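Working notes for the structure below.
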Amino acid sequence: MHSHIKQRLENIVDNLDQLPSLPDVVSKIINMVNDPNVDFKKVADEIVKDQAITANILKLCNSAYFSKGKEIASIDRAIVILGIREVKDMVVLATTKAVLNKVIMGYDLARGELWKHGVAVAMVSKNIALMKKRRDISDEVFTGGIIHDVGKTVLALFVQNTFKDILTTVEERNITFQEAEKEVMGFDHQEIGERVLEKWQFPPILRAIVRYHHEPQLAPKEHMAPVSIVHVANTLCLMAGIGIGSDGLFHELKPEAINAAGLTEDELEKIYSEIPEVMQKAGEIM
Ligand SMILES: [Fe+2]
Ligand SMILES: [Fe+2]
């Protein structure tokens with residue numbers, strides 16, 4: 001139906017230069033921290049090479065969301081007091097803003113909306129992980145939450161030209177916005193997002209979160225829990241009206257994900273009712 005658009009998107013997907021980039025230090029830090037024998041000193045050395053990122057992290061360390069009440073004035077101290085994985089989350093927060101804090105035309109998202117949505121989904125995902133005693137993945141779902149919709153930054157311009165057809169397809173065939181997106185343009189924002197993460201050399205768990213956040217039931221078994229947590233957080237944030245664009249009304253909470261995350265109805269309600277509080281804290285780290 002839109003073969004020229006499919007063609008142009010294929011070119012973008014095949015040509016990594018055209019996808020958004022991040023400073024190399026980000027994948028370096030993420031992969032260093034993933035290593036169980038990580039050397040904290042080396043991580044700190046890597047971060048302080050970049051003055052802008054360092055300044056940003058120190059600011060985040062002393063925000064109400066991350067602070068443990070002690071003033072932090074160096075990356076070394078931040079790692080000791082807050083933990084290496086928190087510092088890694090801050091590196092991602094400090095560097096992805098430039099990619100996500102844009103007007104996302106086709107999806108009807110004003111400047112800042114996709115960024116705000118990402119930070120909200122990150123914080124809600126982390127709350128779910130901590131509620132379910134999954135501290136081992138609380139940092140991964142936080143990072144994955146921030147960037148889960150990064151593919152939208154690439155697809156946005158194309159959605160603009162095909163939006164009517166996408167909506168018609170949704171109505172006529174009674175399918176979700178993502179399914180129609182793929183049918184009309186040849187790609188959905190999850191696939192494009194996965195490609196962006198390949199370019200960034202992010203680990204498989206984060207790629208799985210981006211790829212399957214709308215279809216958690218299809219995620220590889222070993223990543224089912226983190227994908228499901230971000231899926232639930234994403235859907236709850238949309239229900240709360242955070243980051244609703246043109247696709248906002250076509251989302252559903254997948255029962256498989258609620259199961260995989262081990263959430264009861266009461267827990268879901270509690271997480272949902274805490275979203276206004278989360279947004280208040282989010283204001284400080286955006
Ligand atoms: Fe999405
Ligand atoms: Fe989303």
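Each residue takes its place number in the sequence, starting with 1. We count ligands from 1, going down the list as the structure has it; atoms in each ligand are counted the same way. Quick caveat, the model's predicted, so the values are computed rather than measured.
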Ring pair (Phe, Tyr, Trp, His ring centres under 6.0 Å) involving Phe202 - partner list, sequence neighbours excluded: Trp200
Aromatic ring pairing Phe142/Tyr65, orientation class (parallel under 30°, perpendicular over 60°, tilted between): parallel
Value rounded to 0.5 Å, distance of NE2 in His231 from CD in Glu252: 7.0 Å
Where the Fe ion (ligand 1) is the vertex, angle from His189 NE2 to His214 NE2 to 10°: 90°
Single hit among Lys182, Gln178, Arg211 for side-chain hydrogen bond (donor to acceptor under 3.5 Å, both in side chains) with Glu191: Lys182
Sub-2.8 Å protein N, O or S atoms surrounding the Fe ion (ligand 2): His117 NE2, His148 NE2, Asp149 OD2, Asn234 OD1
Identified salt bridge (Lys or Arg N to Asp or Glu O under 4.0 Å) partner of Lys126 from the options Glu274, Glu140, Glu86: Glu86
Of Glu181, Lys152, His148, the residue whose pairing with His189 passes side-chain hydrogen bond (donor to acceptor under 3.5 Å, both in side chains): Glu181
